[in-house]
> 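Have a look at the structure that comes next, please.
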Amino acid sequence: METLADERIRALTAQLEFCTPVLPRIRDSDVQARLDRLKTIQHRLTSKPSNLVALPTLVSALKEFQHASLTGSTSRKSPRKSLSEAELAIDEIEWVLVGTAAISLYGNALNLLLDRTLPVSEDIYYWDQVLSMPNRLIYYSLQTAPLRGVQLAREVFTEARTHVHRANAVTVDDVTNILSGSLWAKLKKWFHVLKETIICRKREMMSAIPQGVAPWASLLFWPVPIIRKEIHLKRRRLRTLLELQAASLGYLVDSGIDLDATSDWRRAISDGVESIGEMVEATIKIDEVQDIQDFISNVMPKSNGSSRLSSPFKVAERIIDISSNVFPTTIEAQSSLIKINGKPSFMLRHWPTLLIMSFSGSSILKFVTNRQAELKQWIFDIAGTLVDFWQNWVIEPVKGMIRTIRHIESNRIALISKQSLTSDMQSLERMVVDFAIEKTGADPASADIELLRDRVHKGDLSLVLQSYETDIKRPIKGTISGDLLRTLLIQMQKTKVDVELAMTGIDDLLQSQSLLFGALGASPSLIVTYLTFKWIYVTVTGRGIRSRSRDREKIVITLRAIERSTLMTTDSLSHRLPYHVQGLILCNVHVLRSMSNVIKPSLRRCWVDDLRDLENINLGASRQKATIERIWRMYI
């Protein structure tokens with residue numbers, strides 16, 4: 001994904017190419033060789049597609065340029081009009097080279113300010129979460145209790161020793177010889193002063209607790225108000241650091257290096273290098289700035305004055321100084337500020353958990369040692385259960401679905417076979433036909449018998465039922481003659497055939513939905529398997545629902561900060577946002593870029609385009625507000 005620095009460098013490189021004139025061919029072979037060497041150095045600075053080279057490479061190339069410079073003194077002392085054609089060509093290519101280096105320095109400055117935004121924003125979000133929930137604040141008090149106790153003991157001891165020294169109760173030499181009996185009175189007085197110091201410090205702590213709190217509660221929660229005040233102070237310092245970075249970033253993006261704003265592009269490059277150095281240095285002066293407006297009014301005008309860099313040699317020196325001294329010093333100072341005011345270290349945040357694990361570790365080790373055979377058996381049982389589950393409840397149901405899709409008849413399970421139904425139907429036909437022949441004396445090959453067979457096949461037993469109705473009127477006679485029992489048995493066979501027909505219909509219905517039943521049978525095991533693998537993936541990568549919900553919450557908070565800044569600080573005269581507000585927007589947009597994975601993949605391209613519109617300061621405040629409203633509508 002292309003960053004803001006890449007876009008700005010690409011635009012400035014195009015502007016520099018447009019401003020650079022075509023150099024004539026110099027006949028002097030020595031001068032032409034030196035020009036080719038300078039072009040080779042410039043090519044090292046433009047070897048990457050974005051022209052953003054690392055600072056060590058930039059410093060190395062500029063030192064080589066200083067060594068190869070021919071007009072280091074001439075161009076500084078002689079006006080351009082008095083230079084010869086060869087000197088003018090050399091001066092031109094030197095300015096192009098240092099201009100390329102300045103653009104690369106500009107991109108590194110933007111990346112420095114943007115990259116330092118993420119850890120500061122993360123720490124501010126961490127303190128917001130601690131302050132928003134009492135349980136987190138109490139847990140943070142527990143986390144920092146050892147460190148706070150050590151600091152408190154050190155402060156009390158230092159304060160008591162200071163009081164004793166002021167009263168001349170004991171000297172430093174006396175402390176080293178504390179075991180001598182002659183110093184017992186002074187040692188007793190020293191402990192008395194220490195006790196009084198502890199009592200005074202306790203009164204100061206208890207004064208911070210609200211009135212009406214029970215004694216046991218005051219003893220338990222007395223550090224909370226002090227810790228809350230400390231967190232507010234750390235958060236305020238981080239917020240000031242973020243605003244200073246934002247103001248510098250907003251100024252550099254708007255007025256850092258602009259080759260289109262002036263016809264003298266050399267002056268624009270030298271002024272831009274000075275601005276970069278001053279803006280980066282100013283980001284760590286949080287103790288000197290009480291209000292961000294003071295920073296804007298006192299620091300930024302210095303970048304608009306006349307430049308002291310009148311030659312490419314001096315510009316190269318300043319770029320080397322910024323790359324070698326200003327940037328490392330700023331990074332070290334910012335890291336120190338973030339370490340002091342940011343969230344605690346990993347060990348300090350997780351020592352309660354590690355302590356509990358260390359205490360329970362011996363018990364766990366003892367349990368494992370004494371039950372090795374049982375644990376091995378448990379492992380084998382779990383492994384066997386997983387294998388059987390995979391084979392019997394995942395593989396086999398899927399194979400059954402595949403067989404159903406391929407319509408393999410040999411593997412189908414039926415409620416009743418078709419041969420059984422056919423044989424029972426034929427037996428019923430023979431019973432009815434024999435009964436009819438005996439009763440009517442008809443010829444077996446006659447058409448009436450064939451018609452009777454067809455009617456029986458369709459379920460019509462009228463002849464048998466008529467005889468049954470007649471015989472039931474004289475049941476004893478019908479029983480003796482056997483006709484009544486015979487008609488009853490024929491009806492029982494008919495009932496059997498009807499049941500088999502119904503079973504055949506049910507079987508056909510079930511077979512028509514066999515794919516659905518197979519899918520329903522395989523679904524539970526597939527769902528369990530999917531959830532298990534998803535849990536493993538979330539555990540390994542840390543990209544769970546809670547993480548996505550936290551990222552979405554950060555997006556909402558960041559968008560709210562952007563909208564609040566644009567609504568409250570718009571310059572009504574220029575219809576553009578102030579530098580520090582524009583910088584805050586750029587910093588927050590950088591945070592939003594880092595959380596693009598929360599947005600649906602189909603909308604990420606639109607998301608990036610909207611963020612680019614939000615970064616474009618040339619759109620004006622009204623269009624940036626419209627972009628924010630569009631982001632709220634589409635993605636939140």
Side-chain angles (χ1 to χ4, degrees), residues 3 5-6 8-9 12-13 16 37-38 40-48 50-73 75-76 93-117 119 241 244-245 248-249 251-253 256-257 266-286 288 299 302-303 305 307-339:
T3 62
D6 295 334
R8 297 292 299 174
I9 288 177
L12 289 175
T13 302
L16 182 62
R37 185 179 180 185
L38 293 175
T40 302
I41 298 174
Q42 182 195 5
H43 181 69
R44 288 175 56 188
L45 300 177
T46 58
S47 57
K48 293 186 177 181
S50 62
N51 293 344
L52 182 61
V53 298
L55 291 178
T57 304
L58 180 63
V59 172
S60 175
L62 289 179
K63 287 183 178 180
E64 185 178 352
F65 156 72
Q66 288 180 326
H67 184 266
S69 179
L70 295 177
T71 61
S73 60
S75 61
R76 291 193 296 269
I93 192 63
E94 285 181 343
W95 273 110
V96 173
L97 190 150
V98 298
T100 305
I103 293 174
S104 182
L105 179 70
Y106 177 73
N108 279 282
L110 294 182
N111 281 339
L112 170 65
L113 296 174
L114 286 174
D115 292 341
R116 308 304 290 183
T117 298
L241 175 61
L244 292 180
Q245 292 178 347
S248 299
L249 181 64
Y251 179 82
L252 291 180
V253 170
I257 298 179
R266 301 171 187 82
R267 177 65 176 275
I269 289 174
S270 60
D271 289 344
V273 172
E274 287 282 13
S275 300
I276 293 171
E278 292 181 6
M279 290 296 101
V280 173
E281 285 180 329
T283 56
I284 59 175
K285 300 177 180 179
I286 62 174
E288 301 177 10
V299 178
K302 297 179 182 180
S303 302
S307 175
R308 301 184 303 272
L309 309 178
S310 58
S311 69
F313 197 85
K314 289 185 177 180
V315 174
E317 283 183 343
R318 181 56 176 162
I319 294 176
I320 292 174
D321 177 63
I322 294 173
S323 303
S324 303
N325 300 321
V326 176
F327 275 22
T329 303
T330 302
I331 292 175
E332 183 179 358
Q334 289 182 352
S335 300
S336 177
L337 286 171
I338 294 174
K339 183 178 180 180

> Donor-acceptor pair, distance only, cut-off 3.5 Å: does the side chain of Ser248 make one with the backbone of Thr283?
no
> Taking the side chain as C-beta and beyond, is there a heavy-atom pair between Val273 and Ile322 under 4.5 Å?
yes
> Mind checking the CD-CD1 spacing from Glu64 to Ile41? Nearest 0.5 Å is all I need.
4.0 Å
> Whether the side chain of Tyr251 engages the backbone of Ile276 through a donor-acceptor N/O pair (distance < 3.5 Å, no angle test) should be reported.
no
> Do Trp95 and Val315 come within less than 4.5 Å of each other through their side chains, counting heavy atoms only?
yes
> Please name the pair of heavy atoms, one in Pro312 and one in Phe65, separated by the smallest distance, quoted to 0.1 Å.
O-CE2, 3.9 Å
> How long is the gap from OG1 on Thr100 to CD1 on Ile269, to the nearest 0.5 Å?
7.5 Å
> What I'd like to find out is whether the side chain of Ser335 reaches to under 4.5 Å of the side chain of Arg116, using heavy atoms alone.
yes
> Which heavy atom in Ala282 sits nearest to a heavy atom in Leu244, and how many Å separate them?
O-CD1, 4.0 Å
> If you round to the nearest 0.5 Å, how far is CD1 of Ile320 from CG of Leu62?
5.0 Å
> Distance check, rounded to the nearest 0.5 Å: Ser270 atom OG versus Ile257 atom CD1?
10.0 Å
> Rounded to the nearest 0.5 Å, what separation is found between the CD atom of Glu94 and the CD atom of Gln66?
10.5 Å
> Once you round to the nearest 0.5 Å, how far does CG of Leu337 lie from CG of Leu241?
6.0 Å
> Can you tell me which residue pairs pass the side chain to side chain donor-acceptor pair (under 3.5 Å) test with a partner in residues 321-333, sequence neighbours excluded?
Arg318-Asp321, Asp321-Asn325
> Of all residues at least two apart in sequence or in a different chain, which pass the side chain to side chain donor-acceptor pair (under 3.5 Å) check with Thr40?
none
> Please answer whether the main-chain N or O of Val53 pairs with a side-chain N or O of Thr57 as donor and acceptor at a distance below 3.5 Å.
no
> If you take all heavy atoms of Glu281 and Val326, which pair is closest and at what distance?
CG-CG1, 3.4 Å
> Kindly give the heavy-atom pair with the smallest separation between Leu16 and Gly99, and that separation in Å.
CD2-C, 4.0 Å
